[in-house]
Trainee: 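Structure in structure tokens, see below.
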Amino acid sequence: MKNVDDLIDSAGDLAARGLSRGEIADELNVSRETASWLVERAGRSTGATDVETEPASAGGPQDVHVDWSAIGEAGARLSAVGVALADLLREHSHDVDLVIGVEKAGVPLATAVARELETDLGTYTPRKHQWEEGDIEDLGGSFSRNFAQVEGRDCFIVDDTITSGTTINEAVEAIEETGGHAIAAAVLVDKQGVGDVEGVPVDALMQVIRVGNDSDADGDE
Ligand SMILES: O=P(O)(O)OC[C@H]1O[C@H](OP(=O)(O)OP(=O)(O)O)[C@H](O)[C@@H]1O
């Protein structure tokens, strides 16, 4: 995807296929607010009338779409990026023998990291993946039984992006609640500048730092 028009078209296609705002946000790696804004724009350009709308500021939501498909579509590139993420994580410990990938996009990256670090691999599915309706806070995430279990073990966490920080927070909490211990996390791109979650360092190969204040109503950037 090269520009916002491509994103708007994709959001419109996904909405037409019946995907929810949350699913569109997942698919396009943007926040839910941005997904709603994109779908609204797609509806305007096609004249569709069955589009849910949410208020958006005149300039649209402040978000950054991360398209890392050039890495994800080629195994060799994915492996190379896995080496870089592993190198970040090695700074925190040489004794960790479990890497937890956050479903879905974090898992292929975690697989590459686990291979590089010669560790076991586990996966965590965030609660939002099980959400259909009702209060998302009533749901819990889950660790797949097809992979290594986290109880009693130190581990690293790997994901692709941080947008709000919700998922990485949830993953750290879930690991601790399950009896594991998160030593550090690494992602490709951190849009939030998380730094750490409850004392667990969070590293990123790239940080997105917005410069200037656009239409920021608070004028505090
Ligand atoms: O910091 P947050 O606001 O929580 O957003 C970041 C999360 O959102 C994406 O997952 P998502 O479930 O949307 O997509 P995926 O299933 O393709 O990984 C991304 O892979 C992170 O896990």
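Just follow the structure's listing: the first ligand is 1, and inside any ligand the first atom is 1.
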Trainee: Quick test: of every protein heavy atom, which one is nearest to atom 7 (C) of ligand 1, and how far off is it to 0.1 Å?
Mentor: Thr167 OG1, 3.5 Å

Trainee: Tell me whether Gln207 contacts the main-chain N or O of Val189 through its side chain, where contact means a donor paired with an acceptor under 3.5 Å.
Mentor: no

Trainee: How does Glu27 reach ligand 1, by side chain, by backbone, by both or by neither, if only non-hydrogen atoms under 4.0 Å count?
Mentor: neither

Trainee: So which heavy atom in the protein is nearest atom 13 (O) of ligand 1, and how far is it from that ligand atom?
Mentor: Asp26 OD1, 2.6 Å

Trainee: Less than 4.0 Å between a side-chain N and a carboxylate O, is that true for Arg90 and Glu116?
Mentor: yes

Trainee: Please confirm whether the backbone N or O of Val83 pairs with a side-chain atom of Asp87, one donor and one acceptor, at under 3.5 Å?
Mentor: no

Trainee: Without swapping roles, check the side chain of Ser93 against the backbone of Asp95 for a donor-acceptor pair under 3.5 Å.
Mentor: yes

Trainee: Among protein heavy atoms, which lies nearest atom 15 (P) of ligand 1, and at what distance?
Mentor: Lys104 N, 3.6 Å

Trainee: Is the shortest heavy-atom distance from the side chain of Thr167 to the side chain of Asp159 under 4.5 Å?
Mentor: yes

Trainee: In sequence, state the C-alpha distance, the side-chain angles, and the governing distance for Asp67 and His65, and then conclude on side chain to side chain contact (heavy atoms under 4.5 Å, CB included).
Mentor: CA-CA 6 Å; Asp67 179 349; His65 170 65; 3.7 Å; yes

Trainee: What part of Asp159, side chain, backbone, both or neither, has a heavy atom within less than 4.0 angstrom of ligand 1?
Mentor: side chain

Trainee: Which atoms from ligand 1 have a heavy atom of Ser164 less than 4.0 Å away?
Mentor: 1 (O), 2 (P), 3 (O), 4 (O)

Trainee: Is it true that Gly165 lies under 4.0 Å from ligand 1, counting heavy atoms only?
Mentor: yes

Trainee: Checking a contact table here: which protein heavy atom is nearest atom 10 (O) of ligand 1, and how many Å away?
Mentor: Lys128 NZ, 3.7 Å

Trainee: I'd like to check whether Ala25 has a polar contact with ligand 1, where a contact means an N/O of the residue lying under 3.5 Å from an N/O of the ligand.
Mentor: no

Trainee: Drop me the distance from Leu89's CG to Cys155's SG, to the nearest 0.5 angstrom.
Mentor: 10.5 Å

Trainee: Counting non-hydrogen protein atoms only, what is the nearest one to atom 18 (O) of ligand 1? Give residue, atom name and distance.
Mentor: Ala105 N, 2.9 Å

Trainee: Which of these passes side-chain contact (heavy atoms from CB on, under 4.5 Å) with Phe156: Leu85, Ile183, Val113?
Mentor: Ile183

Trainee: Can you report which non-hydrogen protein atom sits closest to atom 19 (C) of ligand 1, along with the distance?
Mentor: Asp160 OD1, 3.1 Å

Trainee: Any sub-3.5 Å donor-acceptor pair from Ser69's side-chain atoms to Gly72's backbone N or O?
Mentor: no

Trainee: Would you say Lys191 touches ligand 1, if touching means a heavy atom closer than 4.0 Å?
Mentor: no

Trainee: Which one holds for Thr161 and ligand 1: side chain close, backbone close, both close, or neither close, with close meaning a heavy atom under 4.0 Å?
Mentor: both

Trainee: Identify, for atom 12 (O) of ligand 1, the protein heavy atom at the shortest distance, and state residue, atom and that distance.
Mentor: His129 NE2, 2.7 Å

